[in-house]
Amino acid sequence: MGAYAAEKQRQLDIRYLKMARIWAGNSYCVRRQVGALIVKDKMIISDGYNGTPSGFENICEDDMGQTKPYVLHAEANAITKVAKSANNCDGATLYITASPCIECAKLIIQAGIKRVVYCEEYRSNEGLQLLQRVGIECVYIDIEA
């Protein structure tokens, strides 16, 4: 990729990350709001944010302020939304406001996503390590800079 193409891709990455951050605002979670977009062939094919499964109350934390065990991560919501559509994630890019946990990394691998772009570090880097181990490109971009 030439310098012009690389800069153009970086600008697109920043725009999609900013959109994912806006999308995170849909989350009812108090501790942390995370947003995700899946882009394939220059089209957004799915979106997601962290929250409870369909049919559950929109309360992500228990009385102690801890995240309930059944809360779905943003990338899991986005990937499962694609599964319910006629589309697929083969070769897609996932834009996520926080780097993926190891459980979501497994979903990313199985979904065929080839690139993950994020702007915040998750508390553990196990997910990123797993993605890199199978050759998925992981790109951190500080969109505040």
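All residue numbers in this chain count up from 1 along the given sequence.
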Taking 4.0 angstrom as the limit, do R133 and E126 come out as a salt bridge? no
Should E144 and R21 count as an ion pair when the cut-off is N to O under 4.0 Å?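 A salt bridge is present here (some side-chain N lies under 4.0 Å from a carboxylate O).
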With a 4.5 Å limit on heavy-atom distance, are the side chains of [X] and [Y] in contact?
X    : Y    : answer
S99  : N125 : no
S124 : I102 : no
I113 : I79  : yes
V82  : C89  : yes
C60  : N50  : no
Y118 : L128 : yes
T93  : V116 : no

Atom [atom1] of residue position [X] - does it have more than 12 heavy atoms of other residues, nucleotides or ligands inside 6.0 Å?
X    : atom1 : value
Q110 : CD    : no
K8   : NZ    : no
K18  : NZ    : no

Pair Q9-D13, side-chain donor/acceptor within less than 3.5 Å: yes
Closest non-hydrogen atom pair, [X] against [Y]:
X    : Y   : value
Y122 : H73 : OH-CE1, 4.1 Å
R31  : Q66 : NH1-OE1, 4.1 Å
T52  : Y70 : CG2-CE1, 4.0 Å
A98  : I96 : O-CG1, 3.0 Å

Does D41 reach the main-chain N or O of M43 with its side chain, forming a donor-acceptor pair under 3.5 Å?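 Not at all, since once roles are kept as given, no pair shorter than 3.5 Å links the two residues.
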